[in-house]
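One structure below.
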Number of protein chains: 2
Amino acid sequence: MADSTDPRITRSREAILSAARELLREDGPAAVTHQNVAKRAGVGRATVYRHWPQPRLLLDDTMAGVRMPFFRDPVPPVRPWLARQMRTLADELALPEVQAVTAALFHGAPDEPDAIARREQLIATISGQLGTALDSATRTGELQASADLLDTPAIIIGPLVFRSMFERRPVTDAMIDHLLNAIGTWTTPGSSPPADQADVGRGRDGGGA
Amino acid sequence: MADSTDPRITRSREAILSAARELLREDGPAAVTHQNVAKRAGVGRATVYRHWPQPRLLLDDTMAGVRMPFFRDPVPPVRPWLARQMRTLADELALPEVQAVTAALFHGAPDEPDAIARREQLIATISGQLGTALDSATRTGELQASADLLDTPAIIIGPLVFRSMFERRPVTDAMIDHLLNAIGTWTTPGSSPPADQADVGRGRDGGGA
DNA sequence: TGCTTCTGAGTCAAGTTGTCTCATAAGATG
DNA sequence: CATCTTATGAGACAACTTGACTCAGAAGCA
């Protein structure tokens with residue numbers, strides 16, 4: 001075989017995946033069929049079958065093509081770092097592609113092992129980074145956690161996901177600050193006393209109603 | 001027409017909806033087709049088409065047949081009432097049917113107005129009751145809220161949904177207590193000082209790892 | 001008993017899915 | 001530039017699904 005450097009292959013694959021992503025975003029995972037994708041990509045139906053014999057593989061690669069949110073490596077002090085990650089996460093959760101992929105995580109049979117694995121994998125990265133960060137913050141004395149560390153992903157990320165997927169409203173900086181305060185008592189290391197404890201820039205607040 | 005008291009009609013409808021619910025629970029919303037449902041219900045395919053001409057209507061009625069979580073009317077003192085509602089909500093969110101319906105809320109095109117309306121309707125009842133309760137608790141001085149009231153549904157319910165849909169682990173009573181404390185400062189009206197502020201019975205905790 | 005109407009079985013056209021074949025053109029190789 | 005290799009699009013194909021329709025018969029009702 002021609003390895004996978006054949007420009008015809010790359011061209012086809014890219015056109016197909018791009019079309020598939022559009023379909024996923026616009027019409028949901030059920031619309032990502034070989035036929036639909038081929039038509040939109042301007043490509044023969046057989047070509048799609050050739051590259052992705054099973055529909056599941058096609059949908060998987062389509063979802064993998066969307067850059068999903070993640071947490072960067074933690075940098076002390078932890079609180080402002082975490083505030084930034086949450087702000088970014090909230091913003092990315094508002095993007096149509098990200099929402100489409102998140103919804104697609106629940107497509108198909110509810111307790112299909114693969115589906116469960118996909119959901120776990122998405123949150124594993126974020127939860128892992130979060131755990132490391134809070135661990136370190138606790139050791140340095142920056143944070144006195146008031147909740148089980150195993151619960152913090154749900155407490156921190158849950159509201160952001162809920163806000164974007166169910167309520168479909170933007171996450172305010174005030175809400176992020178509040179969630180940060182909810183996981184324990186923060187001590188600004190070295191600098192001034194915890195006057196107001198706000199880390200995310202002003203300006204996005206007041207988006208209520 | 002024979003009104004809708006004709007036993008044949010009720011029999012068919014019940015058999016069909018019951019079969020549809022099974023399919024929804026086991027294989028997801030995409031499996032709720034006229035053909036599948038008819039086969040499982042032991043009913044003619046035409047009969048299903050007769051009662052639900054469009055697939056969407058069939059799925060809607062199937063979802064409506066699953067008792068979804070809600071919050072009862074608030075009863076003072078608010079904190080223990082809310083703790084009970086959250087405990088019940090968490091338990092019901094763990095049920096396969098409820099998870100299936102929740103997942104089905106995100107089936108189809110992401111920004112189809114009907115889909116958005118269905119999601120909003122589910123949380124509207126709960127958010128409404130929650131708002132009323134926290135309002136009253138604030139007036140009576142039981143609660144000094146530290147977050148925007150518009151954010152509390154996300155802060156309170158978000159983690160429970162996240163825990164059940166993404167993490168697929170049980171919600172501990174400790175987590176509920178923590179979430180309650182997160183929305184503000186509670187004052188036990190009349191009785192003893194807020195020693196430990198725990199309202200949900202012991203016993204479900206320690207379900208970590 | 002007789003009348004109404006719901007039901008299951010079956011038929012049918014249209015569309016979808018997955019597989020295969022083949023001429024052609026695009027790319028690699030010398 | 002000539003030749004070989006291989007990905008592609010078009011089309012054919014059987015199997016299946018979807019939605020609409022017909023009809024005899026059974027179930028319920030008066």
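Note on naming: letters A, B, ... go to the chains in the order of the sequence lines (proteins, then strands), and numbering restarts at 1 for each one.
- A 4.5 Å side-chain heavy-atom check between A:Asn36 and A:Thr33 finds at least one atom pair inside the cut-off.
- Taking five base pairs at each end of the helix from C:dT1-D:dA30 to C:dG30-D:dC1 and finding the rotation axis that steps the C1' atoms of four pairs onto the next four gives two axes whose angle is 30°, to the nearest 10°.
- Distance alone, capped at 3.5 Å, is enough to place a donor-acceptor pair between the B:Gln129 side chain and the B:Phe71 backbone.
- Here C:dG18 presents its C1' atom at 18 Å from CZ of A:Arg56, a figure rounded to the nearest Å.
- Within residues 18-40 of chain B, no residue has a heavy atom under 4.0 Å from DNA chain C.
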Could you go over nucleotides 20-27 of chain D and give all protein N or O partners under 3.5 Å, atom names and distances?
unit_1 : atom_1 : unit_2 : atom_2 : d
D:dA27 : N3     : B:Arg8 : NH1    : 2.8

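- Pairs passing the ring-ring contact (aromatic ring centres under 6.0 Å, His included) check and including a residue from residues 40-60 of chain B, sequence neighbours excluded, read B:His34-B:Tyr49.
- Salt bridge status for A:Arg79 with A:Asp177: present, with a side-chain N to carboxylate O gap under 4.0 Å.
- OP1 and OP2 of C:dC6 both lie 4.0 Å or more from every side-chain N or O belonging to B:His51.
- Ring geometry for B:His107 against A:His107 counts as parallel: the plane angle stays under 30°, on a 0 to 90° scale with 60° as the upper cut.
- Comment: A:Arg118 does not engage A:Asp114 in a salt bridge, judged by the lack of any side-chain N to carboxylate O separation of less than 4.0 angstrom.
- Residue pairs that meet the ring-ring contact (aromatic ring centres under 6.0 Å, His included) test with at least one member in residues 148-176 of chain A, sequence neighbours left out, are A:Phe162-A:Phe166, A:Phe166-B:Phe106.
- Remark: C1' of D:dT6 and CD1 of A:Ile9 are 8 Å apart, rounded to the nearest angstrom.
- Judged purely by atom type and a 3.5 angstrom limit, B:Glu142 uses its side chain to pair as donor or acceptor with the backbone of B:Val78.
- A salt bridge links A:Arg163 with B:Asp151; the closest basic N to acidic carboxylate O contact falls under 4.0 Å.
- Proximity of A:Thr47 to the phosphate of D:dG9: a side-chain N or O atom is located under 4.0 Å from OP1 or OP2.
- OP1 or OP2 of C:dT7 sits under 4.0 Å from a side-chain N or O of B:Ser12.
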Please tabulate, one pair per line, all N/O donor-acceptor pairs under 3.5 Å involving side-chain atoms of residues 15-29 of chain B, not counting sequence neighbours.
unit_1  : atom_1 : unit_2  : atom_2 : d
B:Glu22 : OE1    : B:Arg40 : NH1    : 2.8
B:Glu26 : OE1    : B:Arg40 : NH1    : 3.2
B:Glu26 : OE1    : B:Arg40 : NH2    : 3.3
B:Glu26 : OE2    : B:Arg40 : NH1    : 3.3

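- To the nearest angstrom, P of D:dA7 lies 14 Å from CH2 of A:Trp52.
- A salt bridge links B:Glu92 with B:Arg67: at least one charged nitrogen is closer than 4.0 Å to a carboxylate oxygen.
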